[in-house]
Amino acid sequence: MRFARVAPLLLITAACVSLPDPSETVQPAGPTEVVQPVRTPTPAPSSTPSEPTRPATFRFDGELTQGGWIRGTAPGGATKLQLGGEEVAFDDEGCFFAAFDRDAGAAAELVATLADGRTIRSPLTIAPRDWDIERVNVARRAGGASESFMQRRRPELAAIWDARQQRTGAEGWRQDFIWPVTGRISGRFGSQRIYRGEPGSYHSGLDIAGGAGTTYVAPADGIVTLVERDFSLEGQLLIIDHGQGLNSAFLHSSELFVRDGQAVKQGQPLGRIGASGRATGPHLHWSIKWKNARLDPLLFLGPMP
């Protein structure tokens, strides 16, 4: 099976990305400075053991496309960072992670606010995706879910929401993600049906048919924020926080090996593939979110082993 091309990922160090020459400066341009991002695929070697100087511009690398992400360093002196009006967390070294929803527009902007009130802006161009869209000449089913079903579903949705809002301080967002399991790709992120012009819900994750009972592992470090064994749609559900607002959910398991609040390491076994909940057959449904943005897991991965 052919996979979408994925650009090489940047392994983030404590400095996040390579730093400019110490002589590089940015001249003031009034209350706002607009700077072009500097994309640096490899960290620069450090010549001294002293703490590195933070860059005067944004430094990042990643996938500038719908469902994609960036990881990098905020300008030195930044006290606040935003992407499209959404606040972006960053650590003491200025390292940050941010991402773009499946339906993100063609333009976005990173904005850093400095201690003296100036702002540094970095315009971004977000590439559109050619989603797998199936148009069918039938009407979308009317009516929606019954009230009896929603009485069960509402508490489940609230638990999922709460789990994805937790900020645990995990640092898996710094890592290059690995495949949680290998197997046939049976469902791709972003695919959607259009019913006589009315769009249905798009597929929110990546489906991997690795075989019933196959063990899957953590794609990156994190903290478990939800373990549920009988949700109506998801069946046995596991959610892991990777830090900086980034989290993974694993659906339809037949068995889960971890508990709420547990720290997990990349490659650690998490559970077994199953068909619990609303599933047509055994598979792992893996979804990734950054805050409220839904992301494409394939854009976090290299080729399947």
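We number each residue from 1, following the sequence as shown. The structure presented is a predicted model; accordingly, all values stated were derived computationally and were not measured.
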query = Which residues pass the side chain to side chain donor-acceptor pair (under 3.5 Å) test with Glu147, sequence neighbours left out?
reply = Arg154
inquiry  = Please enumerate all residues that pass side chain to side chain donor-acceptor pair (under 3.5 Å) together with Thr215, with sequence neighbours excluded.
reply    = Arg272
ILVMFWY cluster membership beyond [X] - transitive side-chain contacts under 4.5 angstrom:
X	value
Ile239	Ile160, Leu226, Phe231, Leu237, Leu251
Ile223	none
Ile194	Trp131, Ile133, Phe189, Tyr202
Leu233	Phe149, Met150

ask   = Do other residues, nucleotides or ligands put more than 12 heavy atoms under 6.0 Å from the CG atom of Asp116?
value = yes
task = Verify the neighbour count for atom CZ of Arg135: are there more than 12 heavy atoms of other residues, nucleotides or ligands below 6.0 Å?
result = no
message = Salt bridge check, Arg129 against Asp103: does any charged N sit closer than 4.0 Å to a carboxylate O?
response = no
request  = Determine, for Asp101 against Lys291, whether the closest basic-nitrogen to carboxylate-oxygen distance falls under 4.0 angstrom.
outcome  = no
Would you confirm whether [X], through its side chain, and [Y], through its main-chain N or O, come within 3.5 Å as a donor-acceptor pair?
X	Y	result
Thr119	Thr113	no
Arg167	Gln165	yes
Gln262	Arg259	yes
Gln268	Lys265	yes
His252	Ser276	yes

Validation row: [X], [Y] side chains within 4.5 angstrom (heavy atoms):
X	Y	value
Leu110	Phe96	yes
Ser204	His285	yes
Leu256	Leu270	no
Pro199	Gln192	yes
Gln266	Pro219	no
Asp296	Gln66	no
Arg188	Leu298	yes
Ile70	Asp61	no

query = So Val224 and Leu238, side-chain contact (heavy atoms from CB on, under 4.5 Å) or not? Walk me through it.
reply = CA-CA 7 Å; Val224 177; Leu238 171 65; 3.6 Å; yes
Considering only residues two or more places apart or on different chains, which pairs with a residue in [range] satisfy ring-ring contact (aromatic ring centres under 6.0 Å, His included)?
range	result
residues 70-94	none
residues 150-170	none
residues 263-282	none

message = What verdict does the salt bridge (Lys or Arg N to Asp or Glu O under 4.0 Å) test give for Asp132 and Arg193, after you've listed the backbone C-alpha separation in whole Å, the side-chain angles of each residue and the deciding distance to 0.1 Å?
response = CA-CA 9 Å; Asp132 181 13; Arg193 279 187 173 181; over 6 Å; no
request  = Using the side chain to side chain donor-acceptor pair (under 3.5 Å) rule, collect all pairs that involve residues 217-229, keeping only residues at least two apart or in two chains.
outcome  = Gln175-Asp221
Pairs flagged by side chain to side chain donor-acceptor pair (under 3.5 Å) wherever residues 237-250 is involved - sequence neighbours left out = Arg164-Asn247, Thr168-Asp241, His242-Ser248, Ser248-Trp286
inquiry  = Could you work out, with ring-ring contact (aromatic ring centres under 6.0 Å, His included) as the rule, every residue matching Tyr216, not counting sequence neighbours?
reply    = Phe250
key: Ile240 with Val258, same ILVMFWY side-chain cluster at under 4.5 Å   = yes
query = When hydrophobic residues are tied together by side-chain contacts of less than 4.5 Å, even through go-betweens, does Ile178 share a cluster with Val264?
reply = no
task = Would you mind telling me which of Trp290, Trp173, Phe97 makes a side-chain contact (heavy atoms from CB on, under 4.5 Å) with Trp69?
result = Phe97
request  = Begin from the C-alpha positions of Arg71 and Glu171 and carry the test salt bridge (Lys or Arg N to Asp or Glu O under 4.0 Å) through to its verdict.
outcome  = CA-CA 12 Å; Arg71 205 167 36 178; Glu171 296 197 339; over 6 Å; no
query = Is it true that the side chains of Ser232 and Glu156 contain a donor and an acceptor less than 3.5 Å apart?
reply = yes
message = Could you report the tightest heavy-atom contact between Ala275 and Pro282, atom names first, then the distance?
response = CB-N, 3.7 Å
Closest non-hydrogen atom pair between Ala220 and Phe177, with its separation = CB-CE1, 3.5 Å
